[in-house]
*Asks:* 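Please read through the structure below; I'll follow up with questions.
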2 protein chains.
Amino acid sequence: MGRGITIEDVARAADVSRQTVSRVINHSPRVSPSAKARVEEAIATLGYVPSLAARSMGGGRSGVLLAVFPESQTGSGTAQELGGMLLAGSAACGAQGYRLLFEPLCAAAGDPGAAAKLAGTIGALQPEGVILLPPLDRAPELRKLLDSRGIPRATLPGSEAASGNAGEAAARRLIELGHRQIGYISGPGDPQRSERWLAGYRRALAERDSRAHRHFVAEDQPGLCTALDLVRALLVPTIRPTAIITERADTALAVLHVARSLKLAVPRDLSLIALAEDPELVTCDPPIAALHRPVAALFAGACERLMAARKTADDTAVSAELPLELTLELIERPSIARAPRAI
Amino acid sequence: MGRGITIEDVARAADVSRQTVSRVINHSPRVSPSAKARVEEAIATLGYVPSLAARSMGGGRSGVLLAVFPESQTGSGTAQELGGMLLAGSAACGAQGYRLLFEPLCAAAGDPGAAAKLAGTIGALQPEGVILLPPLDRAPELRKLLDSRGIPRATLPGSEAASGNAGEAAARRLIELGHRQIGYISGPGDPQRSERWLAGYRRALAERDSRAHRHFVAEDQPGLCTALDLVRALLVPTIRPTAIITERADTALAVLHVARSLKLAVPRDLSLIALAEDPELVTCDPPIAALHRPVAALFAGACERLMAARKTADDTAVSAELPLELTLELIERPSIARAPRAI
DNA sequence: CTGAAAGCGCTAACAT
DNA sequence: ATGTTAGCGCTTTCAG
C-alpha cells in the first residue's frame, strides 16, 4: 500500500474517466446505471476513500463540521457535556460521511482576537458548517463573520431563551402539584447557569407566594457533602420543605438516602426532582424525576441541520428555534407527587 | 473577503516568491532575516493562515492528529473522560498549530471492518499521528496498519500494564497503614475496568490475609443510593471495615456523610480513599485521599510526543512507557490514617 | 450521458 | 538564499 488509492485507480478499474467516478461518489443523477454499478464495485473492491484534502481543494465540499467551544471553561460538568456532544455529534456526522472537529476559542466576553482566530480556522479547514457552543453563540462578531463568509451556522436550541430554565420549570411543576415549601440545592458547576436557574426558581415561587423561601435554598453551590448536611438540617425541623429540587443528579440520589435515614418516605413525605438526567436516577428506589436538557441530542440535531443545509439551497442562516418540549423535557418519575394536605 | 487569502498574496505583498513564504511558515533555516521579516509582517497584516487542505495535498504535513475511540462505549464516565481529553488535547495541539480530530471506531473485540475504516479515515485525513484510545490500543491490526503506513502512533501510558490498577494500589497503601478490614465499593461505569480494579484489590489483600473480605465488597456496581445503604449496613455492626475504597468520587463523598451521621470520625475511625479525583474531594471536610489516573494529562502528553516525533526522525513507534508514579498518582489527604490498634 | 482541460493552495525537487 | 517547475487528488467548467 504505497500512497493510498486514488480516483484515478478507480476510474481505470471501472474503465471510465475520473469525472464519472467523481459523479458517482457525489451522487450526481447524470450517470448511466451500468457505469454507476461498475464504479461502485471498483470502489468497494479497492477500498477507495476520497481524500478530504483534495476534495476541499478542488472547490468541492470539505465534509467537515466545526464546533467551537470556549477554552477557559474548565468546569467539571463541562467536560462531561463536551464528551456527550462529541459522542452524539460524531455518530450523527459519521452516518453521513461527515467529520466533526472541535476547536477551542478564547472565551473572553468581548472578542479581541476570537473572531480573527475563527477566521483562521475556517480558512484552514473550510468547514461546511459551524456550531457555536454557548456562550459563544451570543457573540455577534462570530455570527457576523460566519454569515459574511456564507458558512451555515447553528447553535444549541433554547440556549439563549429563558425557555431553557430548568429551575423555573421544575418549580412550576411542583407548585402545580400543590407544593409551597420547596427547597433548592444548587451544586458546583457552571456558576452562571446555576444563577439563572435559581432565579427562575425564585420567579416561579414569587408568582404564587411572595414569601421567599430563603431558608430552603443553598445559595453558594455547596459540595455534595456540605449539601447533605444542609439537607439534613432542612428536613429535621417540623417546618420543612415538602419538595426539593437539586441541580445535580448525584445530590438527588444522596438526598433520597438522607430522607430514608430520617424515615421520610419519598414521595409521600417529600417530593424530589433533579435538574440533570442520569441513568442512576432510574435504577434507584423510587426512581427520581428529572428535568433534562438533552444537550447531546440537541447538538446532534444541530449537526444534522447543518448537513442538510448544504444539500438544500445555501441558507446560511440555520436557526430553527425548537419548541420548549423538545429542548427541555420533564421526565416524570415516582419521586414526585401531590403535596400532603397539611404538614 | 472573497475567497480567503493565499500564499500567493503574501508572496506578492512581501515581494518574494511563494517558496520563500512557504519556507518562512515552515521555519526553514534557509531564509534571509530581511526576507523573513517582510514575510512575517505581510502574514500578520493580511491575516494569512495556510490552508490545511492544500498543505496536506502538496505532500507536506497535514497538521492534524487523529484520536480514535470505541464508539459503542456509552458509559457515563466515558463521556467525561473523553471531554477531558478533548479539552487537554486541543490545548496541547493548538499551542503548536496542530488540530485534533476525534473519530469513533467500531469497538467490537475482533476487527471486522475496523481496520478498513481506519484506513479510510487516514486516507481521507492524512493525519500526522494517531492516538489509539483504550481498548483500541490492544488491537494488533490497527497498530500494524499504522506502522505499515509509517504513521506515528501513541497510546495512553500504562493502559495495558497492570501498573494502572488503582484498586490494587489503594489497597496496598491501606494495608501499609495497618488496615486489614477494607471495604470496596464499586460504582456504575466501565464494568471491565471495575472488574480489573476489584481483582487488584483482592490480590493485594490476599498477599497479607488469605481471608477474602467478601462481606465488605460491593460486587455488582451498585448505584449511589444502593451503595449508601450498603455502606450503612457495613458500618453499623461492631465488626466493620476500618477503611473503605470507593471507585467513584461522589460515592466517597456520600460515605463520608454516612460515617458522620453514624458518629464515626474520619480518619480516626474510618479511612477513606477514592479511586477517582474530583475537585470536591478537596473542599470537603476532611479532604478525601484519591488515587488518580490523570487521563487528560496523559492524553495531552501523547499528543505532544506525536508532534515531536514528526520534528525528529520518522520514528513510527512512539511508545515511551512512563513510570508508574506518573501514570497513577496517589494523592494523600487527611482522610486516611493508620488503622486503630483494636476495633 | 460522458470525457477533456484547467486549476484549487501548497510543497518537494531541482535549478540558480 | 531564493526562484522555478511540477505535481498532490479532486472538482468545476466546457465540449463532445
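These numbers were taken from a predicted model, which means no experiment stands behind them. The figures that follow rest on heavy atoms only: side chains count, while hydrogens, waters and symmetry mates do not. Numbers restart at 1 for each chain; the letters A, B, ... are given by sequence-line order, proteins then strands.
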*Asks:* For Ala13(B), check side-chain contact (heavy atoms from CB on, under 4.5 Å) against everything at least two apart and list the hits.
*Replies:* Ala42(B), Leu46(B)
*Asks:* Compute the bend angle of the helix from dC1(C)-dG16(D) to dT16(C)-dA1(D) from the end axes (five pairs per end), rounded to 10°.
*Replies:* 30°
*Asks:* Could you state the atom-to-atom distance from CD of Glu8(B) to C1' of dT11(C) in whole Å?
*Replies:*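 Whole-Å distance recorded here is 14 Å.
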*Asks:* Please list, in numerical order, the residues of residues 30-44 of chain B that have a heavy atom closer than 4.0 Å to any atom of DNA chain C.
*Replies:*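 Residues of residues 30-44 of chain B under 4.0 Å from DNA chain C: none.
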*Asks:* Does anything in residues 10-22 of chain B pair up under salt bridge (charged side-chain N to carboxylate O under 4.0 Å, His left out), and if so which pairs, sequence neighbours excluded?
*Replies:* Glu8(B)-Arg18(B), Asp9(B)-Arg12(B)
*Asks:* For each nucleotide in nucleotides 11-16 of chain D, reading 5' to 3', give B when a protein heavy atom comes within less than 4.0 Å of its base, S when such contact involves only the sugar-phosphate, and - otherwise.
*Replies:* BB----
*Asks:* What residues, two or more places apart in sequence or in another chain, satisfy ring pair (Phe, Tyr, Trp, His ring centres under 6.0 Å) together with Phe69(B)?
*Replies:* none
*Asks:* Can you give me every donor-acceptor pair (side chain of residues 29-38 of chain B, partner residue at least two apart or in another chain, under 3.5 Å) with its distance?
*Replies:*
residue: Ser32(B); atom: OG; partner: Ala35(B); partner atom: N; Å: 3.2
residue: Arg38(B); atom: NE; partner: Ala14(B); partner atom: O; Å: 3.0
residue: Arg38(B); atom: NH2; partner: Ala14(B); partner atom: O; Å: 3.2

*Asks:* Please name all residues satisfying salt bridge (Lys or Arg N to Asp or Glu O under 4.0 Å) with Arg193(B), sequence neighbours left out, ordered by chain then number.
*Replies:*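 Counting only residues at least two positions away or on another chain, Arg193(B) forms a salt bridge (Lys or Arg N to Asp or Glu O under 4.0 Å) with Glu81(B).
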*Asks:* Which residues pass the side-chain hydrogen bond (donor to acceptor under 3.5 Å, both in side chains) test with Glu304(A), not counting sequence neighbours?
*Replies:*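 With neighbours one apart ignored, the set is empty.
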*Asks:* Can you sort out the partners of Thr121(A) under side-chain hydrogen bond (donor to acceptor under 3.5 Å, both in side chains), two or more places apart, ordered by chain and number?
*Replies:* Arg99(B)
*Asks:* Counting only pairs under 3.5 Å, give me each side-chain donor-acceptor contact of residues 83-94 of chain B, with atom names and distances, residues two or more places apart or in other chains.
*Replies:*
residue: Ser90(B); atom: OG; partner: Leu86(B); partner atom: O; Å: 2.7

